[in-house]
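Worth knowing before you read on, the calculation uses all heavy atoms, side chains too, and leaves out hydrogens, waters and symmetry mates. Below, chain A is the first sequence line, B the second, and so on; all start at residue 1. All of these numbers come straight from a predicted model, not from anything done at the bench.
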Amino acid sequence: MPELPEVETVRMQLQRKVVGKTVADVEVFHAKSVDNNSNIEDQLRGKTISDVDRIGKLMIFSFVDEDDLFLLAHLKMTGQFFYIDKTGKTIGGGHSATAGDTELPTKHTRVTFHFTDRTSLHFNDMRIFGYVKVATANEVRTARARFGPEPISPDFDCSWFHKKLNKRKTPIKAALLDQTFIAGLGNIYVDEALWRAKVRPTRRSDKLTKKEAAALCAAAGDVMNESIAVGGTTFQHFVDTGGANGNFSDYLKVFGQQGKACERCGKIIKKIRCAGRGTHYCTGCQK
DNA sequence: GAGAGTGTTGTAAC
DNA sequence: GGTTACAACACTCT
């Protein structure tokens, strides 16, 4: 479920909580979640976390005095981190309600990191698409190279963006979801950014005007920055399966709003399938 | 209770 | 090479 704003929120929380902690032990409940690495315990035991970085939706842990040892973490659709301090209090890597009321590890806990100060970090992942895996410096370089620039980066270049779009014949939605082109947008925020920019998801990328590209560029950055500011809204939707309450529904203008009236023009929001994904747009003001 | 749908992405196939 | 379709998996909703 997480997109860049959620991953960034989690990263900031982890940065505060686990940097400086030394790994005492690693418990693996599901081998696939560590990429079938059978000795992740031995590789990480005694290592002290020095930083938590991020590229796109991929988190990168580095360790003190280790140039060639990293831990990559990808949440994919359902991954979550939960940090437990000495008192057993849960500090959610997203939302405390999921595990806060339950003893960790839960049945969805795939990996637990125990630190020497008796705190711990749990990696939960219902669908087992996500992973935490040990990587070399070279693997980290390769991983970083796969990502395009992020719309929230201060030096994101809108004219470069427009030029690149001109070479693509896919629906604009597919282009925006391509992490090697621009990093960080997922299905929800793509729909939201397109609504803000008044561009239909199905429009061919190379048919966008310079003005539309600029609007989209700004919309993508805004939508993500605003979401980071409120701590990653989509987490709430996932946790609160009731769905329609909380600030989540207030925030989203089109995603999941099919059948409702567009807040900008009053026309009906439609849901279609585009780029293989559920796609929402306003039939009135998105051209 | 069966079947479709789900916010990701690497890979295989066209 | 550019694009699309699908698989990986477990759960919820219809």
- Task: Return yes when the gap between the SG atoms of A:Cys217 and A:Cys158 is under 2.5 Å; return no otherwise.
- Result: yes
- d(A:Phe63 CZ, A:Ser50 OG) to nearest 0.5 Å is 8.0 Å
Taking atom [atom1] in both [N] and [M], what distance in whole Å separates the two?
N: C:dT12; M: B:dT9; atom1: C1'; result: 22 Å
N: C:dC6; M: B:dA4; atom1: C1'; result: 16 Å
N: B:dG10; M: C:dC11; atom1: C1'; result: 23 Å
N: B:dG5; M: C:dA5; atom1: P; result: 15 Å

- Which one, B:dT9, B:dT6, C:dT3, comes nearest to the side chain of A:Gln179? B:dT9
- A:Ile40 vs A:Lys133 side-chain heavy atoms within contact, under 4.5 Å: no
- Do the charged groups of A:Asp191 and A:Arg196 touch, with an N to O distance under 4.0 Å? no
- Query: Is A:Glu212 salt-bridged to A:Arg203, going by a charged N under 4.0 Å from an acidic O?
  - Reply: yes
- Just by protein heavy atoms under 4.0 Å, how would nucleotides 5-10 of chain C read 5' to 3' in B, S and -? ---BBB
- Message: Going by purine N1 to pyrimidine N3 plus the second Watson-Crick contact, or the G-U wobble pair, all under 3.5 Å, which nucleotide sits opposite C:dC9?
- Response: none
- Message: Which nucleotide, if any, forms a Watson-Crick or G-U wobble pair with B:dG7, using both distances under 3.5 Å?
- Response: none
Please give, in whole Å, the distance from [N] [atom2] to [X] [atom1]?
X: A:Arg168; N: C:dG2; atom1: CZ; atom2: C1'; result: 9 Å
X: A:Leu177; N: C:dG2; atom1: CG; atom2: C1'; result: 16 Å
X: A:Asp178; N: B:dT9; atom1: CG; atom2: C1'; result: 11 Å
X: A:Arg146; N: B:dT8; atom1: CZ; atom2: P; result: 16 Å
X: A:Lys271; N: C:dT14; atom1: NZ; atom2: P; result: 11 Å
X: A:Asp191; N: B:dT8; atom1: CG; atom2: P; result: 10 Å
X: A:Met59; N: B:dT8; atom1: CE; atom2: P; result: 14 Å
X: A:Leu72; N: B:dG10; atom1: CG; atom2: P; result: 12 Å

- Examine C:dT3: is either OP1 or OP2 under 4.0 Å from a nitrogen or oxygen in the side chain of A:Lys173? Give yes or no. no
- Give a yes/no on whether any side-chain N or O of A:His74 is located under 4.0 angstrom from OP1 or OP2 of B:dT9. yes
- Message: Taking A:Thr180's backbone N and O only, do any of them form a donor-acceptor pair with A:Asp178's side chain (distance below 3.5 Å, no angle check)?
- Response: yes
- Query: Are A:Leu69 and A:Phe61 connected, step by step, through hydrophobic side chains (Ile, Leu, Val, Met, Phe, Trp, Tyr) whose heavy atoms are closer than 4.5 Å?
  - Reply: yes
